[in-house]
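Following: one structure in structure tokens, then a few remarks.
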Amino acid sequence: MTGFVLAAIAPITTPSVDWLGVAPVIALGGAGVAIVLARALLRRSAVTTPVCVALGILGVVLAAIFEYRLWHLVRADGAITTMAGMVRVDPFGVFLSVVVLIGTIYALFISVAYLKRESLDAPEYLALVMLSAAGMVAIITANDLIAIFVALEVLSIPLYVLAAFDRRRMASQEAGLKYFVLGAFSSAVFLYGVALTYGATGSTSLTAIGDFLANNTLYEQGTLLAGGALLLAGLGFKVAAVPFHFWTPDVYEGAPTPVTAFMAAATKAAAFAVLIRVFSIAFPLYRTDWKPALWVLAVLTLVVGSVAALVQTDVKRILAYSAIAHSGYILIGFQTGTIAGRQAALLYLLIYTFMAIGTFAVIMLASMTGDDRHSLDDYRGFALQRPVLGGILIFFLLAQAGIPLTGGFIAKLEVFSAAAQSNNYSLLVIGVLAAVVAMFFYLRIALALASPATGGEYFSDRRVDRWSGVVVATAALAVLATGVTPGPFIDWARQAVYFV
Amino acid sequence: MNAVIFFIFAASTLVGAGGVVLARNPVHSALFLVQTLLSVAVLFLLQDAELLAAVQVIVYAGAIVVLFLFVIMLIGVDRREALTETLRFQRPIAVALGAIVLAEIIFLTGHTWATGAATQSGVPITGSTSSGDLGNNIQRVARVLFTDFLWPFELTALLLVVAVVGSVVLARGSGDRSERSIEEPSSTADSESAS
């Protein structure tokens, strides 16, 4: 018990902190805390909600400015590693952070009208969205399994609460509870994987694990392989890969529609960032071990996502299965293990963000107050009665199906050509077949929208508010632009594939 | 001396654990749990794990058991209700799983099976390799928290904000009518005509 003599102890040298590297996380998290503070100080005055929305937008804009500077910095001088190696800002991370920021700002915009319509507590909702976004950017730039785990919780727990946010609706409560129970379980699985990986390699830092495995041969592989498998399972849950997808339809259906949009776009980008980063940086030498596992995941995800969507009658459930199928295409890109494949996955995530948010934004605008009826029959005749909004929804659906001249086509084309380049023809064929099957259910929605109403329809003809209008219009333009002039976007993704 | 203390508190741990299961009154079960947790804290102290002992007392004995007691007292568990089992094969399964866990522990204690880089008696592998006396384990944990694990430590602060906001949102009575805004009359009229 002599340790309490302070003089004998070596002084603590705190690590250097590159504030710009963590500035986006601070901006988003700070905005979330500021919103909570504004809610506490202003109480329920008339300005509370506008102030909170402004704070949220300010946070995203600040984060975007920091990402812009970081992009140029890391492109010129290489990756920034800070916080004792826990944070690693590289082109890959900046690109996906920007994708998350796009998803966040869109989610904020379409939430404004929704919260008013459903008379939900706006400040808490906005604060949770901002905190979740902070967790997403933190996880995308994390270079350590412990940091990844903490950031995973920061991004997931707000989503559990947001899924259950509309407490008057049973489906929303059910969604929240289901997501929470299964999410907590998957977090535990991930943590077990972290523990086993640490046991096998002696470190939780991704780069240190990679270095250790490059310079040492493990006497016994079992612990590491089990750890890697558990990491894959834990992350597979977050990206909604089959067989870890069971929560997806119920949660997507039950959650408030803007939350569904946020989950589909931003969460997917963050989860794929971790998946790609962990397996590319920490286990590149074990490629022969994880590639077959990813192959099985990708095929199952594509097949189950596409086929199960055929028998659904609820639009939000169909879109949930379509989100699962989209994960399958991104998995194809990553499974190739090549630079081209990673580039295709990045481009897919960018384009998918616009398609998913755009689709769910129109669904949100079309639904009646209560947000509880989304069956195909409810939407019958929507495109005839509201030609502009219905036409845009059909455009988004065709883009998701992968019709040429839309971004969805370019995204799928890049993934397939990456698979072909690495001679992975089995995946290529399965992917194309899945895309053909998927065409049916997208056209099924489109057909319901365009067929004459039979009297059972149930959609709103409320005027489109300004904020959601901006989201729908810019997302549609972005999907069109990525389809017509994909060059700049492909270039951008090409510059973003590197971890250095 | 240490051996004597160990056996006293090991016995106390087991008695407490048995009491948790066997006590008929839920409040007594909770109090037995406190006994177990405090005894385990002493066992931690014997291993020079002062921080773990303190955390054990503060978090488990302090916070979690108090939470249990609150739940028991607020809900008022009926004695008969608590003893009926809804899962039919609960007991055999519990016995089987318990036996498996026991076998695993016995198996693991006989093997050193972790591979990978060996840590030389507490010297951290990553980051701050400052030489010299690193202090006792509380000081080492502090050192690691403010050097290697600074970023997760700060992110945990964000996590606590999330937890507070989330629990307030979920705990508040559902459907706060006072804030319910009246929809524009035109849109309600329109939606009625649409349906």
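Numbered from 1 within each chain, the chains take letters A, B, ... in sequence-line order.
- At a 4.5 Å heavy-atom cutoff, the contact between Ile157(A) and chain B is made by backbone and side-chain atoms alike.
- If you check the side chains of Thr81(A) and Asn143(A), you find no donor sitting under 3.5 Å from an acceptor.
- Between Arg172(B) and Asp121(A) a salt bridge is recorded (basic side-chain N to carboxylate O distance below 4.0 Å).
- The greatest number of non-hydrogen atom pairs below 4.5 Å with chain B, out of Val17(A), Val25(A), Val36(A), Leu155(A), is found for Val25(A).
- Under 4.0 Å is where a charged nitrogen must lie from a carboxylate oxygen, and between Arg169(A) and Asp372(A) no such pair does.
- Residue contact with chain B, scored on non-hydrogen atoms closer than 4.5 Å, is absent for Phe149(A).
- In terms of non-hydrogen atom pairs under 4.5 Å with chain A, the most contact-rich of Leu159(B), Thr156(B), Leu150(B) is Leu159(B).
- In this structure, Val87(A) and Val89(A) have side chains that are in contact, with non-hydrogen atoms separated by less than 4.5 Å.
- Of the residues considered (Pro158(A), Gly176(A), Gly29(A)), Pro158(A) shows the highest number of contacts with chain B, using heavy-atom pairs under 4.5 Å.
- Considering only heavy atoms from C-beta on, Phe459(A) comes within 4.5 Å of Gln385(A) through its side chain.
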